[in-house]
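Have a look at the structure below before the remarks.
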Number of protein chains: 2
Amino acid sequence: MAEQAQFEELARQLSAVGAVKRDLGRILPHACPAGAAAVLMLLSRDGDMRMSKLAELMAVDMSVTSRHVAHVAERGWIERSPDPADKRSRILRLTPAGGDMLVELSRRSTELLAERLSDWTTEDVGELIRLMSRLRESFDCRPVPAVPPPPLPVPLPLSPPLATTTTRTPA
Amino acid sequence: MAEQAQFEELARQLSAVGAVKRDLGRILPHACPAGAAAVLMLLSRDGDMRMSKLAELMAVDMSVTSRHVAHVAERGWIERSPDPADKRSRILRLTPAGGDMLVELSRRSTELLAERLSDWTTEDVGELIRLMSRLRESFDCRPVPAVPPPPLPVPLPLSPPLATTTTRTPA
DNA sequence: TATTGTTATACTCTATAACTATA
DNA sequence: TATAGTTATAGAGTATAACAATA
């Protein structure tokens with residue numbers, strides 16, 4: 001278990017990586033902003049899936065996913081076929097044109113990262129990937145327990161309830 | 001030097017940490033969104049400074065900084081005093097009220113991180129901080145060389161110029 | 001009734017560009 | 001002429017809520 005000062009610094013660093021993300025965003029084609037690129041990347045990596053699954057992987061509300069998906073579908077980069085098993089659902093699939101776009105995206109981001117990280121070792125990059133991936137998991141897999149834990153012996157300082165892990169707009 | 005597949009994965013993870021940042025953002029007081037919190041945090045950590053310095057630390061355009069600073073100044077969390085040495089400039093300083101807000105922010109983010117990262121060791125967190133910090137540095141300190149490097153022997157694949165490191169709107 | 005997905009609306013963050021006041 | 005900072009505007013990303021179609 002780490003201490004308070006470390007958590008504060010971690011929060012700062014998380015805020016700071018935004019600058020790196022913006023740099024990466026600036027090299028994207030005008031027609032394919034970050035949200036659209038994420039859709040293509042995930043469909044390529046994890047295969048065909050439904051909207052709800054994609055929203056979960058992107059960790060955003062499904063309404064947001066719906067907009068990104070509409071964007072890439074309009075450009076012919078993915079197809080939305082009806083799900084025979086559930087007529088409410090649609091199955092998303094990358095098209096060849098989407099694959100081409102993905103190759104281009106990958107080329108650009110790789111070019112930028114290779115330049116900026118030219119003095120990083122494979123191990124360094126791997127460790128960063130590992131830790132960021134674990135960070136994401138630590139935040140994801142924390143559903144509010146079905147049965148609330150017993151109240152603490154000492155009342156905690158007045159604070160709002162922690163954010164839930166909800167990704168879906170409540171009906 | 002790392003390879004292409006690794007860079008692609010790194011780009012994915014960078015996109016994915018957005019979810020963590022959003023979780024942290026959800027616990028902020030309504031009056032103090034992420035941008036405002038960053039201003040307070042940096043003034044506390046690095047002391048009084050001018051707008052331009054703050055913009056550099058936040059790695060955003062000064063126009064963006066100006067808005068965030070105006071927001072926190074309106075709420076009395078910072079003061080903007082004229083710089084005697086340069087009348088165009090303003091020196092930003094955290095007020096006691098700003099310090100109080102910062103304590104509250106820190107308490108909330110620490111509470112959330114302590115819960116989510118309860119199974120992380122101090123070393124793990126430290127290593128993640130170190131690597132993220134280095135990542136930020138690798139992107140920052142890469143001004144386009146004043147004298148363009150000699151052309152490469154083999155022409156690179158057709159690609160747009162890489163993003164510059166500019167943080168300021170060109171006049 | 002509950003769930004899947006869409007759309008309308010509002011808010012935050014960001015960059016660009018035009019502007020001012022100093023240097 | 002150049003720099004520090006402000007403001008107006010536009011674009012991307014996100015969440016909430018209301019809705020339609022189906023389970």
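Side chains included, hydrogens not; waters and symmetry mates left out as well; all remaining heavy atoms used.
Within 4.0 Å (heavy atoms only), B:R67 reaches at least one base atom of the nucleic acid. Among the protein residues, A:S52 comes within range of the sugar-phosphate backbone only, with heavy atoms under 4.0 Å from sugar or phosphate atoms but none that close to a base. Using a 4.0 Å heavy-atom criterion, one finds that B:D86 contacts the sugar-phosphate atoms exclusively.
With C:dT22, D:dA23, D:dG5 as the choices, the nucleotide that has an atom nearest any side-chain atom of A:R88 turns out to be D:dA23. For A:P33, taking side-chain heavy atoms from C-beta onward, the closest of the listed nucleotides C:dT4, C:dT7, D:dA12 is D:dA12. Among D:dA15, C:dC13, C:dA15, the nucleotide with an atom closest to any side-chain atom of B:A34 is C:dC13. Of the candidates D:dA23, C:dT14, D:dT7, C:dT14 carries the atom nearest the B:H68 side chain, counting heavy atoms from C-beta on. Among the nucleotides C:dT14, D:dA4, D:dT6, the one closest to the side chain of B:R50 is D:dA4. With C:dA15, C:dT6, D:dA15 as the choices, the nucleotide that has an atom nearest any side-chain atom of A:D61 turns out to be D:dA15.
No side-chain donor-acceptor contact under 3.5 Å links A:T95 and A:E79. Counting only N and O atoms by type, the side chains of A:S106 and B:Q4 include a donor and acceptor under 3.5 Å apart. Between the side chains of B:R116 and A:S138, no donor-acceptor pair is found at a separation under 3.5 Å.
In this structure, B:E56 atom CD and D:dA4 atom C1' are separated by 14 Å, rounded to whole Å. Atom NZ of B:K21 is separated from atom P of D:dA15 by 14 Å (rounded to the nearest Å). The distance between atom CZ of A:R90 and atom C1' of D:dA20, rounded to the nearest whole Å, is 13 Å. At whole-Å resolution of the value, CE in B:M62 and P in C:dT20 are 17 Å apart. Counting to the nearest Å, the P atom of D:dG13 and the CG atom of A:L24 are 14 Å from each other. Taking atom CE of B:M51 as the reference point, atom C1' of D:dT7 lies 12 Å away to the nearest angstrom. Between the CG atom of B:D83 and the P atom of C:dA21 there is a distance of 18 Å, given to the nearest Å. As a whole-Å value, the separation of B:H71 NE2 from D:dT7 P is 15 Å.
Annotation: side chain of B:R75 is in contact with side chain of B:H71 (closest heavy-atom distance under 4.5 Å).
The number of heavy-atom neighbours closer than 6.0 Å to NZ of A:K53, taken from other residues, nucleotides and ligands shown, is 12 or below.
Two residues, B:A36 and B:A85, neighbour DNA chain C, and the one matched to the more 5' nucleotide by heavy-atom proximity is B:A36. For the pair A:G35 and A:P84, both in contact range of DNA chain D, the more 5′-proximal nearest nucleotide belongs to A:G35. When the nearest nucleotides of DNA chain D are assigned to A:K87 and A:H30 by heavy-atom distance, the more 5′-ward of the two goes with A:H30.
Applying the 4.0 Å criterion to OP1 and OP2 of C:dG5, one finds that A:S89 has a side-chain N or O inside that range. In this structure, B:R22 does not reach the D:dG13 phosphate: none of its side-chain N or O atoms is under 4.0 Å from OP1 or OP2.
On a pure distance criterion of 3.5 Å, a polar donor-acceptor pair joins the side chain of B:S63 and the base of C:dT16.
Residues B:L10 and A:I27 are members of one and the same hydrophobic cluster, defined by side-chain heavy-atom contacts under 4.5 angstrom among Ile, Leu, Val, Met, Phe, Trp and Tyr.
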